[in-house]
Student: 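Shown below is the structure under consideration.
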Amino acid sequence: MLKQVYISQTVDVAAVERIKYVFDEFENIIVSISGGKDSTVLCWLALQEAHKRGRKIGIFFLDEEVVYQ
């Protein structure tokens, strides 16, 4: 079983650091969102970083609660 390790870094700071890493490592960024709170915040953070860097990102929307036949 994994042991939890607590750090002093907040969730929002960690998220921004990870997004910066993605922008540093990859040329094309596409964020998949469902319209929920988590994916909407992730998309907003990615858009903020893209704006700072003068880059564009793709956004893919898929709501799996609406499944068509």
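Note that the numbering runs from 1 along the sequence shown for the chain.
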Student: Could you work out the complete set of other residues in the hydrophobic cluster of Leu62, with links drawn between I, L, V, M, F, W and Y side chains under 4.5 Å apart?
Tutor: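 Ile30, Phe60, all in the cluster of Leu62.
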
Student: Strictly by salt bridge (charged side-chain N to carboxylate O under 4.0 Å, His left out), give each pair with a member in residues 37-62 just once, sequence neighbours left out.
Tutor: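 Residue pairs with at least one partner in residues 37-62: Asp24-Arg53, Glu49-Arg53.
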
Student: Kindly write out the residues that satisfy side chain to side chain contact (heavy atoms under 4.5 Å, CB included) with Gln4, not counting sequence neighbours, or none if the list is empty.
Tutor: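 Partners of Gln4 under the side chain to side chain contact (heavy atoms under 4.5 Å, CB included) test: Tyr6.
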
Student: Residues in side chain to side chain contact (heavy atoms under 4.5 Å, CB included) with Ala15, at least two apart?
Tutor: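 Checked Ala15 against side chain to side chain contact (heavy atoms under 4.5 Å, CB included); matches are Leu45.
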
Student: Drop me the distance from Ile19's CD1 to Leu47's CG, to the nearest 0.5 angstrom.
Tutor: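 So the gap between those two atoms works out to 9.5 Å.
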
Student: Is there a path of hydrophobic side-chain contacts, each under 4.5 Å between heavy atoms of I, L, V, M, F, W or Y residues, that connects Phe23 with Phe26?
Tutor: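 As far as the 4.5 Å side-chain criterion goes, Phe26 and Phe23 are connected within one cluster.
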
Student: Looking at residues at least two apart in the chain, or sitting in another chain, which of them share a side chain to side chain contact (heavy atoms under 4.5 Å, CB included) with Ile33?
Tutor: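 Ile33 satisfies side chain to side chain contact (heavy atoms under 4.5 Å, CB included) with Val31, Ser39, Cys43, Ile59, Phe61 only.
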
Student: Enumerate the residue pairs fulfilling salt bridge (charged side-chain N to carboxylate O under 4.0 Å, His left out) with a member in residues 3-22, sequence neighbours excluded, ordered by first and then second residue.
Tutor: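 Listed once each, the pairs would be none.
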
